[in-house]
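Just below is one structure, and these are the notes that go with it.
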Number of protein chains: 2
Amino acid sequence: MALSTQTRTQSERADHTRSRILDAAVREFSENGLAGARTEQIAEIAGVNKALLYYYFKSKEALYRAALETVAQRVLEMSLSALTPDHSPGEQIVQFALNHFDRIHSQRAFQSLMQQEMVRLHRGEENSFSSIVEKVFRPMMFRIRDLLTEGMRDGELVQADEWQVMYAALGANVFYFLSAPVVGIMSDANPLTREAMEFRRKVSIEFLGASIFVDRKHGAEVAARVLACTPMPESGEFKMFERKAK
Amino acid sequence: MALSTQTRTQSERADHTRSRILDAAVREFSENGLAGARTEQIAEIAGVNKALLYYYFKSKEALYRAALETVAQRVLEMSLSALTPDHSPGEQIVQFALNHFDRIHSQRAFQSLMQQEMVRLHRGEENSFSSIVEKVFRPMMFRIRDLLTEGMRDGELVQADEWQVMYAALGANVFYFLSAPVVGIMSDANPLTREAMEFRRKVSIEFLGASIFVDRKHGAEVAARVLACTPMPESGEFKMFERKAK
DNA sequence: GTTATTTTACTAACTGGTTAGTTAATAATG
DNA sequence: CATTATTAACTAACCAGTTAGTAAAATAAC
């Protein structure tokens with residue numbers, strides 16, 4: 001951990017340090033929120049002195065914003081590569097929903113930061129979060145909306161408010177992970193094991209297929225096809241949220 | 001505000017003070033989270049000295065738990081009165097979903113506390129939250145699951161994983177309010193105005209009707225009937241989340 | 001029914017630990 | 001040697017929780 005000190009040029013190592021700080025910040029902020037996170041802890045995770053945080057970032061809040069942008073960027077890259085323009089609108093929507101599901105659990109930190117940011121926004125906190133919305137969410141959402149409009153026009157998808165379809169499709173995924181701790185307590189079966197998630201992922205896509213297509217049989221086929229083409233990614237690609245050995 | 005001091009017995013006034021503290025705590029914790037909330041601020045909102053918090057509650061965290069239980073209790077009462085056993089399972093489900101929608105926006109503080117509690121649970125925080133889950137969520141959720149099973153057996157509802165139907169129905173509602181700040185930035189149309197919510201409420205129920213019933217026409221009728229019977233409650237019944245005049 | 005004693009409800013002012021942020025000095029690098 | 005990266009040590013503010021006290025209500029004593 002204290003190695004790799006003699007490699008490369010100074011500025012390259014500086015970049016590396018900076019991004020280590022950012023990673024540590026993402027982790028600490030996502031686990032504890034802006035108020036709960038401790039700068040000392042971020043420094044320790046990153047393996048640097050606390051003062052270095054202030055060398056690279058103006059303040060705790062600036063670091064928070066930078067951390068938010070980091071994860072947003074990752075999500076943008078991940079979601080852009082998901083759509084497959086040569087398939088039917090309906091199939092692309094299903095594909096997108098499946099990708100969204102996988103994204104949530106591999107990017108737990110993003111989800112967590114988002115949730116907390118929502119609460120902050122509710123309070124009317126001044127943001128600079130707007131730019132993330134513009135860069136990440138707007139293009140994604142409007143792209144999906146256009147696909148839905150097209151699918152409905154073609155008669156592949158049921159007539160409905162486009163945004164409602166999004167709320168239903170993405171909301172089900174978000175709610176699954178959001179409620180996981182409660183469900184865990186409620187049914188003493190942990191919803192975050194690989195088996196549980198694999199099941200939910202399948203069922204979630206199948207239900208979407210049954211919900212939004214005019215021809216439910218066609219919907220079921222699309223769902224099956226998409227599921228077959230997209231295996232669930234290995235878990236633990238990012239090992240955020242591992243329990244710390246105190 | 002400084003009146004009503006000469007009324008009633010001492011212990012009655014004490015009860016009143018205690019509940020004023022709890023209300024203040026609900027508000028402060030829901031806006032700022034456990035770590036972000038300030039005891040001094042809670043005291044100020046309640047109009048008492050900070051030390052009084054420690055007279056009534058052991059610690060900040062004990063107060064937090066008490067606040068959580070307060071709102072959970074309210075929600076339980078609200079949701080129990082929603083089901084109408086003389087209707088068909090499908091109609092009861094739709095009724096429940098509509099009630100859930102209305103509950104979210106009239107009990108914003110609960111939603112907010114829940115979200116934050118989810119994050120805390122994710123981290124494996126020790127809870128005593130379990131009792132709330134047992135008392136509020138488990139009875140509610142299992143009741144709904146049984147209704148779904150019945151509806152599917154009768155052929156009224158489409159065959160699907162019961163929990164998935166819940167994730168879809170409730171997730172869409174939750175996600176609407178969860179994403180409201182982002183959508184607000186994205187489309188500069190505030191989703192939390194009365195008109196926007198009235199529209200979403202209607203569309204959300206209609207979409208549910210189109211999704212879970214074997215006979216989509218019957219589903220549409222049920223949705224229309226439920227909507228007709230249940231006008232949207234006046235907003236601002238609880239004025240949590242009003243902006244504070246600093 | 002008045003007086004003395006205890007209990008309850010509440011506050012002003014303090015304390016000590018914590019934590020965001022600074023400074024000044026020191027390595028490393030080019 | 002001048003610039004850049006990094007740290008140890010410090011400070012000022014903040015904030016959860018305490019203490020020591022008071023006024024009034026409830027209760028007991030006479």
Side-chain angles (χ1 to χ4, degrees), chain A residues 1-29 31-68 120 125 244 246, chain B residues 1-25 27-29 31-68 120 125 246:
Chain A
M1 203 163 252
L3 50 117
S4 83
T5 316
Q6 64 275 50
T7 36
R8 302 303 180 102
T9 99
Q10 191 177 26
S11 78
E12 273 171 323
R13 276 185 302 118
D15 281 359
H16 180 238
T17 304
R18 200 191 133 96
S19 75
R20 273 207 340 274
I21 292 174
L22 270 174
D23 284 346
V26 166
R27 174 166 173 171
E28 178 72 5
F29 282 126
E31 289 180 13
N32 303 301
L34 174 54
R38 298 290 156 237
T39 54
E40 194 93 49
Q41 179 68 15
I42 295 175
E44 199 192 308
I45 296 175
V48 300
N49 188 279
K50 184 175 64 133
L52 203 57
L53 309 187
Y54 293 89
Y55 178 73
Y56 285 107
F57 302 93
K58 198 173 125 269
S59 65
K60 188 190 187 184
E61 211 179 308
L63 177 56
Y64 177 77
R65 282 196 299 268
L68 210 63
R120 292 186 70 232
E125 216 85 358
K244 281 168 282 189
K246 208 187 243 157
Chain B
M1 204 164 247
L3 51 119
S4 83
T5 314
Q6 63 276 46
T7 36
R8 303 304 179 103
T9 101
Q10 190 176 26
S11 78
E12 274 171 325
R13 277 185 297 121
D15 281 359
H16 180 239
T17 304
R18 199 190 134 96
S19 76
R20 272 207 341 273
I21 291 175
L22 270 174
D23 284 346
R27 174 167 172 170
E28 177 73 3
F29 282 127
E31 289 180 13
N32 303 301
L34 174 54
R38 300 288 155 238
T39 52
E40 194 93 48
Q41 178 67 15
I42 294 174
E44 198 192 309
I45 296 175
V48 300
N49 187 278
K50 182 170 64 124
L52 202 59
L53 308 189
Y54 294 89
Y55 176 75
Y56 284 109
F57 303 93
K58 202 175 122 264
S59 64
K60 187 189 187 185
E61 209 180 310
L63 178 55
Y64 177 77
R65 283 196 299 269
L68 211 62
R120 292 186 70 230
E125 217 85 356
K246 206 183 245 161

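Since we're looking at a predicted model, the values are computed, not measured.
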Exercise. So what does B:A14 touch, heavy atoms closer than 4.0 Å: a base, only the sugar-phosphate, or nothing?
Worked result: sugar-phosphate
For this session: Go through the steps to decide whether A:H16 and A:E12 satisfy the test side chain to side chain contact (heavy atoms under 4.5 Å, CB included), and finish with yes or no.
Result: CA-CA 6 Å; A:H16 180 238; A:E12 273 171 323; over 6 Å; no
For this session: Figure out the CD/P separation between A:E40 and C:dG17, and round it to whole Å.
Result: 17 Å
For this session: Please report the closest heavy-atom contact between B:L34 and B:K60, naming both atoms and the distance.
Result: O-NZ, 2.9 Å
For this session: Considering just the side-chain nitrogens and oxygens of A:R13, establish if one lies under 4.0 Å of OP1 or OP2 belonging to D:dA5.
Result: no
For this session: Send over the distance from B:E12 CD to C:dT8 P, rounded to a whole Å.
Result: 16 Å
Problem set entry | Position toward the 5' end of DNA chain C (nearest nucleotide), A:S59 or B:R18 | B:R18
Problem set entry | Among C:dG21, C:dA9, D:dA25, the nucleotide that comes nearest once only the side chain of A:Y54 is considered | C:dG21
Exercise. Contact class for A:Y56 (heavy atom, under 4.0 Å): base, sugar-phosphate, or nothing?
Worked result: sugar-phosphate
Exercise. Are A:N49 and D:dA8 close enough that a side-chain N or O sits under 4.0 Å from OP1 or OP2?
Worked result: yes
Exercise. Base, sugar-phosphate, or nothing for A:A43, non-hydrogen atoms under 4.0 angstrom?
Worked result: nothing
Problem set entry | Phosphate OP1/OP2 of D:dA16: any B:R38 side-chain N/O under 4.0 Å | yes
Exercise. What nucleic acid atoms does B:A37 come within less than 4.0 Å of, heavy atoms only: base, sugar-phosphate, or nothing?
Worked result: sugar-phosphate
Problem set entry | Nearest-Å distance for atom pair CD1/P, residues B:I42 and D:dA16 | 8 Å
Problem set entry | Side-chain donor/acceptor contact of A:K50 with base of C:dG21 under 3.5 Å | yes
Exercise. Does the side chain of B:T17 get closer than 4.0 angstrom to OP1 or OP2 of C:dA9 through an N or O atom?
Worked result: no
Exercise. Which nucleotide, D:dA8, C:dC10, D:dA5, lies nearest any side-chain atom of B:L52?
Worked result: C:dC10
Exercise. How long is the line joining CG of B:L53 and P of D:dT18, in whole Å?
Worked result: 12 Å
For this session: Write down the distance between CD (A:E44) and P (C:dA20), rounded to a whole number of angstrom.
Result: 14 Å
Problem set entry | Spacing between B:K58 atom NZ and D:dT18 atom C1', to the nearest angstrom | 15 Å
Problem set entry | Euclidean distance, atom CG of residue B:L63 to atom P of D:dG17 [Å, nearest integer] | 10 Å
For this session: May I ask you to decide if A:R38's main-chain N or O and A:E28's side chain share a donor-acceptor pair within less than 3.5 Å?
Result: yes
Exercise. Measuring from A:L53:CG to A:I21:CD1, what's the distance to the nearest 0.5 Å?
Worked result: 5.0 Å
Exercise. How close or far is atom P of D:dA8 from atom OH of A:Y55, stated in whole angstroms?
Worked result: 17 Å
For this session: Step by step, work out the side chain to side chain contact (heavy atoms under 4.5 Å, CB included) result for B:F29 and B:L63.
Result: CA-CA 10 Å; B:F29 282 127; B:L63 178 55; 4.0 Å; yes
Exercise. Would you say a side-chain N or O of B:T39 is under 4.0 Å from OP1 or OP2 of D:dA16?
Worked result: yes
For this session: For B:S59 and B:A62, indicate whether the former's side chain and the latter's backbone hold a donor-acceptor pair under 3.5 Å.
Result: yes
